[in-house]
Protein chains: 2
Amino acid sequence: MTGTERTDALDLERQVCFPLYAASNLVNRAYRPILSPLGLTYPQYLVMLVLWQDGCRSVGALGERLYLDSGTLTPMLKRLEAQGLVRRVRDNADERRVNVSLTDEGAALRERAQSVPATMFGACTNWQEDQLHDLRHAVNELIDALNRRDEAAKPEAVTRRKPQAAVPD
Amino acid sequence: MTGTERTDALDLERQVCFPLYAASNLVNRAYRPILSPLGLTYPQYLVMLVLWQDGCRSVGALGERLYLDSGTLTPMLKRLEAQGLVRRVRDNADERRVNVSLTDEGAALRERAQSVPATMFGACTNWQEDQLHDLRHAVNELIDALNRRDEAAKPEAVTRRKPQAAVPD
DNA sequence: TTGATTTATATTGCGCGCAATATATTTTCA
DNA sequence: TGAAAATATATTGCGCGCAATATAAATCAA
């Protein structure tokens, strides 16, 4: 109302993706001191979560779970291998694939990681379980929407990634 | 129930921060083809949003708005300067500061950016305004919670960044 | 079977993010 | 005033993310 011409659509406060971007950076920062004693970065921690949960997985399967491609995963997995946490072995049945599995040390690290979620959110006062639940739900719906948009954009070809649907709720 | 010992807290599906991380990556990817014709990356676009909205700002003030520090901003602002979109000038009153302002070209770019939000979310079918609103609200609450946690962690010193409260709703 | 296409991973180059550190300026206060 | 502390930005080094490209293996088609 002050007279200067302003188009609200470009106001930072109107953006939906900026809080997402900022929160992702803040989360990464918050995890760093918690994961550092385990020798892991946050993306590396996510890879370990998948392997602890699913066991041996190909590079492509890890990428589908985490929405990442080989350009990101290959160097990251090599670092985890150099640390002795995972093995990278060519698949005998299909020599194109590389199977990633846990070493004994990688599997053992799970015990030390048990306290990570509680450390992360235990210190986060004033934050209730159901709010986290709502947030997870809302973000997962955005992920679904972005994936549907990608599929709609190129209907005649397979999408670059074929991520499974975001986890329900 | 299958007998293998499993601790749910480390399941990927239980994580709150992973969808945030994945969504942030997907958003960055989705913005790329939209911003590429403008010669901007998504973080650069955010800087331009602040400058279009606030006008001339110091590096530190930009960092408070975007939750970034000089280690990220300085090289980014140099790239924007090399493109002729912004100016970086030492503050006469306080020679420690560097003020960042728009060039004519940078200010003019705003017109071409007007269509960016609609392009981003216009193609996103099945996604309602109020869902985006809820998402923004939920993520902003997490940002506030993480900031409160940081302040609580080191009460005797000023926090590394002093971000203003996340935008209300 | 062979040649073309598809699939899986690796490589290259670039732009973030950020901790740690360095440098220069300003403020504090003894 | 003058030394110490605080403040603002810059630099360094490293680990992502990802588009584009390369390479090799598997599949498909003629």
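Letters A, B, ... are given to chains in the order of the sequence lines, protein chains preceding strands, and every chain is numbered from 1.
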How long is the line joining [atom1] of [X] and [atom2] of [N], in whole Å?
{"X": "A:L73", "N": "C:dT12", "atom1": "CG", "atom2": "P", "answer": "18 Å"}
{"X": "A:D91", "N": "C:dT7", "atom1": "CG", "atom2": "C1'", "answer": "13 Å"}
{"X": "A:E64", "N": "C:dT7", "atom1": "CD", "atom2": "P", "answer": "13 Å"}
{"X": "B:R57", "N": "D:dA8", "atom1": "CZ", "atom2": "C1'", "answer": "16 Å"}
{"X": "B:R32", "N": "D:dA20", "atom1": "CZ", "atom2": "C1'", "answer": "11 Å"}
{"X": "A:N28", "N": "C:dC16", "atom1": "CG", "atom2": "P", "answer": "17 Å"}
{"X": "B:D69", "N": "C:dA22", "atom1": "CG", "atom2": "C1'", "answer": "15 Å"}
{"X": "B:N92", "N": "C:dT25", "atom1": "CG", "atom2": "P", "answer": "13 Å"}

>> Please check this pair: side chain of B:D144 against backbone of B:N147, looking for a donor-acceptor N/O pair closer than 3.5 Å.
In response: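 Not at all, since once roles are kept as given, no pair shorter than 3.5 Å links the two residues.
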> Short question: side chain of B:E95, backbone of B:R90 - any donor-acceptor pair under 3.5 Å?
Replying inline: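 No.
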> Hey, can you pull the residues of residues 75-83 of chain B with a non-hydrogen atom under 4.0 angstrom from DNA chain D?
Replying inline: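 Those residues whose heavy atoms fall under 4.0 Å from DNA chain D, taken from residues 75-83 of chain B in numerical order, are B:K78.
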>> Would you say A:H137 and A:E141 are linked by a side-chain donor-acceptor pair, where the criterion is simply a distance under 3.5 Å?
In response: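 Yes, a side-chain donor-acceptor pair sits under 3.5 Å.
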>> B:R97: which residues meet the side-chain contact (heavy atoms from CB on, under 4.5 Å) condition with it, sequence neighbours left out?
In response: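 Applying side-chain contact (heavy atoms from CB on, under 4.5 Å) to B:R97 gives B:S58, B:D91, B:D94.
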> More 5' along DNA chain C: A:R88 or B:A93, using each one's nearest nucleotide?
Replying inline: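 The answer here is A:R88.
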Phosphate OP1/OP2 of [N]: any [X] side-chain N/O under 4.0 Å:
{"X": "B:R97", "N": "C:dA24", "result": "no"}
{"X": "A:S70", "N": "C:dT11", "result": "no"}
{"X": "A:Y21", "N": "C:dG17", "result": "yes"}
{"X": "A:T74", "N": "C:dT11", "result": "no"}
{"X": "B:R96", "N": "D:dT7", "result": "no"}

Residue [X], side-chain heavy atoms: nucleotide from [options] that is nearest:
{"X": "B:T72", "options": "C:dA10, C:dG17, C:dT26", "value": "C:dG17"}
{"X": "A:D94", "options": "C:dT25, D:dG15, D:dA25", "value": "D:dA25"}
{"X": "B:R29", "options": "C:dA10, C:dG17, D:dG17", "value": "D:dG17"}

> Under a 4.5 Å cut-off applied to non-hydrogen side-chain atoms, are A:P43 and A:Y31 in contact?
Replying inline: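 With C-beta onward as the side chain, the pair stays apart.
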> For B:G60, which contact category applies under a 4.0 Å heavy-atom criterion: base, sugar-phosphate, or nothing?
Replying inline: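 Sugar-phosphate contact only - B:G60 comes under 4.0 Å of backbone atoms but never of a base.
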>> Would you call the rings of B:Y21 and A:Y42 parallel, tilted or perpendicular, taking 30° and 60° as the class edges?
In response: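 Aromatic pair B:Y21/A:Y42 classed perpendicular.
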> Mapping A:E95 and A:Q44 onto DNA chain D by nearest heavy atom, which one lands closer to the 5' end?
Replying inline: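 Between the two, 5'-proximity favours A:Q44.
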>> Can you give me the closest heavy-atom contact between A:P19 and B:I143, atom names plus distance?
In response: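 Result for this residue pair: O-CD1, 3.5 Å.
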>> Give me each pair satisfying side-chain hydrogen bond (donor to acceptor under 3.5 Å, both in side chains) with a member in residues 79-89 of chain A, each pair once, sequence neighbours excluded.
In response: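 As it turns out, the side-chain hydrogen bond (donor to acceptor under 3.5 Å, both in side chains) pairs with a partner in residues 79-89 of chain A, which skip direct neighbours, are A:E81-A:R88.
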